[in-house]
Amino acid sequence: MVAESAAIDCVTCLYRLSTFLVCFSFFFWVWAIVNTATKNYFDGGIISFATVILSSLYFLRLMKQRNESNSKLTWKFYLPVFSHILVGINYALGASMTNHEWNQLYCVVLSGQWFGVSIIHAMFVIKLGQYEREATSEISAGEGNKGGDEDMPEVEIV
């Protein structure tokens with residue numbers, strides 16, 4: 001029962017993180033478009049933030065499908081991690097290409113933030129996978145759901 005509660009917490013955190021990052025990234029994606037349109041350079045945020053938006057939306061869809069069909073976690077649940085790393089790399093490149101100290105500081109801080117977000121997302125997915133395996137082994141051992149209809153409890157995303 002503890003694993004079920006912890007799995008629900010992981011799902012809730014992942015859902016909220018992904019929803020927040022879609023909104024947050026959309027703002028910075030628009031900002032990158034404006035930078036590119038008004039300045040003499042291409043802002044890599046157009047690509048990197050688009051990948052966060054798309055991978056987070058895909059992740060939310062996967063979570064919903066997982067909830068409806070009780071499917072297992074796969075490598076696809078890690079896609080947002082790679083997009084977060086891409087944004088972190090983009091900011092790191094920005095820090096190395098600017099001559100302004102405040103822009104460098106801004107880019108270094110945001111690069112670290114995005115690398116941190118990638119670690120947090122990966123940790124939640126890893127934890128959710130552990131809870132999933134625990135629940136499956138409990139059912140196999142006869143300690144869990146005697147009906148055998150479900151490997152994991154249905155988790156409603158709030």
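In the hydrophobic clustering of this structure, Trp102 groups with Tyr91; members are Ile, Leu, Val, Met, Phe, Trp, Tyr whose side-chain heavy atoms approach within less than 4.5 Å, directly or through other members. Note: the hydrophobic cluster containing Phe24 does not contain Leu86 (ILVMFWY, side chain heavy atoms under 4.5 Å, direct or indirect links). A chain of hydrophobic side-chain contacts below 4.5 Å, direct or via other Ile, Leu, Val, Met, Phe, Trp or Tyr residues, connects Phe124 to Trp75. Hydrophobic clustering keeps Met123 apart from Leu17 (ILVMFWY residues linked when any side-chain heavy atoms are closer than 4.5 Å, directly or through intermediates).
Aromatic pair His121/Phe59: ring centres closer than 6.0 Å.
Thr74 is not listed as a side-chain neighbour of Tyr78, based on a closest heavy-atom distance of 4.5 Å or more. Two residues are said to be in side-chain contact when any heavy atoms from C-beta on lie closer than 4.5 Å; Lys76 and Tyr58 meet this criterion.
Scanning all heavy atoms of the two residues, the minimum distance from Tyr15 to Thr19 falls at O-OG1, 2.8 Å. Looking at every heavy atom in both residues, His84 comes nearest to Leu21 through NE2-CD1, 3.4 Å.
At distances below 3.5 Å, at least one donor-acceptor pair connects side-chain atoms of Gln104 with backbone N or O atoms of Thr98.
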Name the atoms and distances for all side-chain donor-acceptor pairs under 3.5 Å in residues 42-57, with sequence neighbours left out.
unit_1	atom_1	unit_2	atom_2	d
Asp43	OD1	Gly45	N	2.8
Asp43	OD2	Asn35	ND2	3.0
Ser48	OG	Gly44	O	3.3
Thr51	OG1	Ser48	O	2.5
Ser55	OG	Thr51	O	2.8
Ser55	OG	Val52	O	3.4
Ser55	OG	Ser83	OG	2.8
Ser56	OG	Val52	O	2.9

Would you give me the side-chain donor-acceptor pairs under 3.5 Å for residues 108-120, sequence neighbours excluded?
unit_1	atom_1	unit_2	atom_2	d
Ser111	OG	Gly88	O	2.8
Ser118	OG	Phe115	O	2.6

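Taking the six-membered ring for Trp and thresholds of 30 and 60 degrees, Trp31 and Phe28 have nearly parallel ring planes, at less than 30 degrees apart.
Ionic pairing of Glu132 and Arg66 is present here: one or more N-O contacts between side-chain nitrogen and carboxylate oxygen are shorter than 4.0 angstrom.
Taken to the nearest 0.5 Å, the CG atom of Asp9 stands 11.0 Å off from the CG atom of Leu128. The distance from the OH atom of Tyr131 to the CD1 atom of Ile126 is 12.0 Å, given to the nearest 0.5 Å. Atom CE of Met63 and atom CZ of Phe77 lie 6.0 Å apart (nearest 0.5 Å).
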